[in-house]
Amino acid sequence: MNTAITVGVDGSRTAWSALAWAAEDAERRGLPLRIVHVSEPWSAEHPLGASSDEKTLGEQCERLLADAAEQARALAPEARISTLLLAGAVIERLKTESETADTVVVGSRGRGGFSGLVLGSVGLSLAGYAKCPLVVVRTLPHGGSGEVVVGYDGSPCADMAVEYALVQAAARHARLRVLHGRRYPVMAPHPAGYGPLPVDETPEIGQRLIACGEKYPDIELIESIVSEHPVPALAKASRAADLVVLGSRGLGGFTGLMLGSVSHGVLHRAYCPVAVVNAPERRS
């Protein structure tokens with residue numbers, strides 16, 4: 001049985017966007033769609049001050065899932081759809097779901113927290129810890145550009161990101177733009193008044209991308225080299241992309257951290273859905 005695309009819903013605006021993205025992706029890729037709502041056990045079944053004829057929390061949760069399933073069927077009538085009501089801490093239950101899912105999809109902001117923040121605690125906490133690709137959806141692209149963008153720096157997480165990006169591009173019949181920047185050495189001798197020269201990794205990265213592209217010969221693969229910081233470069237590319245794909249950790253930074261600064265920055269600034277992918281050794 002194929003693993004499912006799992007989407008977490010809580011009734012928020014971005015959760016409905018996440019549901020739409022997940023439903024369409026499930027139908028496009030021929031995978032089951034699993035709609036999950038997590039009810040935290042410390043929430044009161046009968047809110048204080050509620051009248052006796054109002055729905056209980058459990059009834060509200062079941063109604064939410066039923067509405068989500070109805071909307072998903074309207075968007076993706078060919079998809080196999082199931083719903084599941086879970087009890088527990090939202091982040092921990094979704095982490096558990098990620099152990100068997102093909103992809104976990106969440107909205108960028110839930111019902112809780114501060115409305116001024118771009119990325120909520122659930123998406124931020126899951127990114128880097130999910131056992132499968134995590135897609136964070138704030139808004140859906142209008143019309144679709146036919147392009148998937150992946151950030152690549154040659155790290156193990158980036159290799160996995162390219163693999164997922166190729167799958168997405170193939171399912172969408174889209175081109176794949178591989179964006180990578182020239183890396184600058186931390187300590188490099190250079191003439192007074194000049195910055196360090198970039199490390200030219202273009203030939204090596206190009207060869208690795210050719211090998212990846214051989215698996216999907218029908219996909220148009222475009223290599224884009226940028227000299228600016230990857231966060232604004234990827235944010236800019238996200239304006240014209242259907243999806244941006246990133247590895248959770250790149251070559252730089254602190255190895256003890258589960259989410260790198262680039263992934264963190266792009267999640268906050270992207271204009272389209274963002275997928276964050278972990279390398280297998282980071283999932284164990």
Side-chain angles (χ1 to χ4, degrees), residues 5 7 17-18 21-22 24-26 28-29 31 98 101-106 108 119 123-124 126-141 144-181 205 208-209 211-213 215-216 219-226 230-251 258-280 282-283:
I5 294 174
V7 56
S17 296
W21 191 96
E24 292 171 356
D25 195 54
R28 187 164 44 230
R29 296 173 58 202
L31 295 176
S98 75
D102 173 272
T103 306
V104 169
V105 187
V106 296
S108 62
L119 183 64
L124 193 58
L126 284 174
Y129 287 91
K131 305 295 184 181
C132 67
L134 172 76
V135 176
V136 179
V137 181
R138 178 170 47 167
T139 58
L140 296 172
S145 66
E147 180 168 289
V148 174
V149 173
V150 60
Y152 187 73
D153 66 356
S155 65
C157 286
D159 287 334
M160 294 301 297
V162 170
E163 290 283 348
Y164 184 75
L166 285 165
V167 169
Q168 284 289 334
R172 297 164 182 269
H173 304 289
R175 61 185 172 273
L176 177 61
R177 183 175 299 277
V178 183
L179 190 150
H180 65 90
I205 289 178
R208 294 171 75 172
L209 293 179
C212 291
K215 299 179 183 178
Y216 298 87
I219 295 177
E220 180 185 1
L221 196 150
I222 303 168
E223 184 181 0
S224 294
I225 305 168
V226 297
V231 171
L234 286 162
K236 187 186 303 180
S238 74
R239 288 181 177 271
D242 295 331
L243 177 69
V244 168
V245 186
L246 306 166
S248 63
R249 292 288 305 165
L251 292 174
M258 294 301 291
L259 185 65
S261 60
V262 171
S263 300
H264 187 281
V266 175
L267 280 168
H268 279 279
R269 298 177 61 176
Y271 293 89
C272 70
V274 177
V276 180
V277 185
N278 288 320
R282 298 187 63 80
R283 300 177 189 172

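Worth knowing before you read on, the calculation uses all heavy atoms, side chains too, and leaves out hydrogens, waters and symmetry mates.
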Residues P141 and P273: closest non-hydrogen pair is CD-CD, 3.7 Å
Would a 4.5 Å heavy-atom cut-off, applied to side chains only, mark V104 and K131 as touching?
no
Closest contact, heavy atoms only, A174 versus G146:
CB-O, 3.2 Å
Compare every heavy atom of D153 with every heavy atom of A158, then report the nearest pair and how far apart it is.
CB-OD1, 3.3 Å
Taking all non-hydrogen atoms of both residues, which atom of A240 and which atom of S145 are closest, and how far apart?
O-OG, 2.5 Å
Which residues share a side chain to side chain contact (heavy atoms under 4.5 Å, CB included) with S238, sequence neighbours left out
V244, A270, Y271, C272
Suppose we screen for salt bridge (Lys or Arg N to Asp or Glu O under 4.0 Å). Which residues come up paired with R172, at least two apart in sequence or across chains?
none
Could you pull out all residues at least two apart from D102 that satisfy salt bridge (Lys or Arg N to Asp or Glu O under 4.0 Å)?
R29
Quick check: closest heavy atoms across L176 and A169, and the distance to 0.1 Å?
CB-CB, 4.3 Å
To the nearest 0.5 Å, tell me how far H173 NE2 sits from R28 CZ.
9.5 Å
Going by the side-chain contact (heavy atoms from CB on, under 4.5 Å) test, name the single residue among V150, V149, L234 that passes it with L246.
L234
Chi angles and distances behind the side chain to side chain contact (heavy atoms under 4.5 Å, CB included) call for I219, R175:
CA-CA 6 Å; I219 295 177; R175 61 185 172 273; 5.6 Å; no
If I take atom NE2 from residue H268 and atom OG from residue S108, how far apart are they, to the nearest 0.5 angstrom?
10.0 Å
Salt bridge (charged side-chain N to carboxylate O under 4.0 Å, His left out) contacts touching residues 158-170 (sequence neighbours left out):
D159-R208, E163-K215
Shortest non-hydrogen contact from V262 toward P230:
CG2-CG, 3.7 Å
Only one of L134, V137, V135 clears side-chain contact (heavy atoms from CB on, under 4.5 Å) with V106; which?
L134
I'd like to check L243 versus W21 (side-chain heavy atoms, cut-off strictly below 4.5 Å). Are they in contact?
yes
Test of understanding: with salt bridge (Lys or Arg N to Asp or Glu O under 4.0 Å), list the residues that count as partners of R239, not counting sequence neighbours.
none
Under the side-chain hydrogen bond (donor to acceptor under 3.5 Å, both in side chains) rule, collect the residues that match up with S224, sequence neighbours excluded.
R177
Test of understanding: with side chain to side chain contact (heavy atoms under 4.5 Å, CB included), list the residues that count as partners of A235, not counting sequence neighbours.
R269
So, do D242 and E147 sit near enough that their side-chain heavy atoms are less than 4.5 Å apart?
no
Heavy-atom side-chain proximity of Y164 to T103 below 4.5 angstrom
yes
Dump the intermediate steps for side chain to side chain contact (heavy atoms under 4.5 Å, CB included) on V245 and V277, then the final yes or no.
CA-CA 7 Å; V245 186; V277 185; 4.0 Å; yes
